[in-house]
Structure formats: C-alpha cells, structure tokens
Amino acid sequence: QVQLVESGGGLVQAGGSLRLSCAASGRTFSRYAMGWFRQAPEKEREFVATVSASGGSTGYADSVRGRVNISRDNAKNTDYLQMNSLKPEDTAVYYCAAKARDWGTKKDEYDYWGQGTQVTVSS
C-alpha cells in the first residue's frame, strides 16, 4: 500500500508559479512511477506529467510542456510538480498518483491516488 498526500496548492495570479509536493508513505516509493493529473469542474481528470521510478524519464501533456517540471526525491519519498507561467486554464484540483512498473499517461494505469490539492489561477 502507498498513501499519498499532496500539498502546495493555492491561489496565484496568471504568470505566477507554484510547486506542488506529493509525500508518500511506505518504504517502496522508489519502485513506483509517479504521475500528476488534474480535474477542472465538470471536466474529465486529465494527465499532466509523469516520472519514472528512478526519476530518469519524464513525460508531459502538450498543454503544460515547457511550463511544468516533474521531479522526485526518493530519499524523501516525495515527488514535485513545479509549475511556471500559470494560466487561468490551469485552474483545477491536482492529484498525484503512483503506479507500478513504467511511467504512464493514462489515469486507469495508476494504482494509488492522493486526495488532491486545489490550484486557482486568477486572470
């Protein structure tokens, strides 16, 4: 079992930055690929970014590529989502998730989910 707790969300003006964190319980964090997804009101949960278990490979949605960086610190059982040049359309609840084996972009592939953290970008 892996328990995930997100933090770092909040209200920011357009053009600003936020860093989200996802703290994982358990001693096997380094075996899991991690992902970030987001869900805006009345919309489907969508992929944002993913990082492999080792941290050596990453993937991004086209909508955030170049503005977002995902990373992880296996010694701290934590992964991060650095978001820059935020836009109002980035407003959503952001979820971190964990999956065994390779990183992936599909939410159905993920085994564990956090409760989410709200990100609101004002124009």
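The first residue in the sequence is number 1, and the count goes up from there. Note that the coordinates shown come from a computational prediction; the quantities given were computed from them, not determined experimentally. Basis for what follows: all heavy atoms, side chains included, without hydrogens, waters or symmetry-related copies.
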Treat each ILVMFWY residue as a node, draw an edge where side-chain heavy atoms are under 4.5 Å apart, and state whether [X] and [Y] are in one component.
X: Leu18; Y: Phe37; value: no
X: Val119; Y: Tyr60; value: yes
X: Val12; Y: Tyr80; value: no
X: Tyr112; Y: Tyr94; value: yes
X: Met83; Y: Val48; value: yes

Do the side chain of [X] and the main chain of [Y] share a donor and acceptor less than 3.5 angstrom apart?
X: Asn74; Y: Ala53; result: yes
X: Tyr32; Y: Ala97; result: no
X: Thr50; Y: Met34; result: yes
X: Gln115; Y: Glu6; result: no

Residues 48-71 vs salt bridge (Lys or Arg N to Asp or Glu O under 4.0 Å), sequence neighbours excluded, gives Asp62-Arg65, Arg67-Asp90
In short, salt bridge (Lys or Arg N to Asp or Glu O under 4.0 Å) pairs touching residues 106-123 with sequence neighbours left out are none
Close side-chain approach of Trp36 to Asp79, heavy-atom, < 4.5 Å
yes
For the [atom1] atom of [X] and the [atom2] atom of [Y], what is their distance to the nearest 0.5 Å?
X: Ser52; Y: Arg72; atom1: OG; atom2: CZ; value: 7.0 Å
X: Arg45; Y: Tyr110; atom1: CZ; atom2: OH; value: 12.5 Å
X: Thr117; Y: Arg38; atom1: OG1; atom2: CZ; value: 14.0 Å
X: Asp73; Y: Ser30; atom1: CG; atom2: OG; value: 11.5 Å
X: Thr28; Y: Asn77; atom1: OG1; atom2: CG; value: 8.5 Å

The side chain to side chain contact (heavy atoms under 4.5 Å, CB included) partners of Ala61 (sequence neighbours excluded) come to Phe47, Ser63, Val64
Applying side chain to side chain contact (heavy atoms under 4.5 Å, CB included) to Ala33 and not counting sequence neighbours gives Lys99, Trp103
Where is the tightest heavy-atom contact between [X] and [Y], given as atom of each residue plus distance?
X: Ser123; Y: Ala14; answer: CA-CB, 4.3 Å
X: Gln118; Y: Thr91; answer: NE2-CG2, 4.0 Å
X: Ala24; Y: Phe29; answer: CB-CD1, 3.3 Å

Quick note, side-chain hydrogen bond (donor to acceptor under 3.5 Å, both in side chains) partners involving residues 8-20, not counting sequence neighbours, are Ser17-Asn84
For Val5, the other hydrophobic cluster members (4.5 Å side-chain criterion, sorted by chain and number) are none
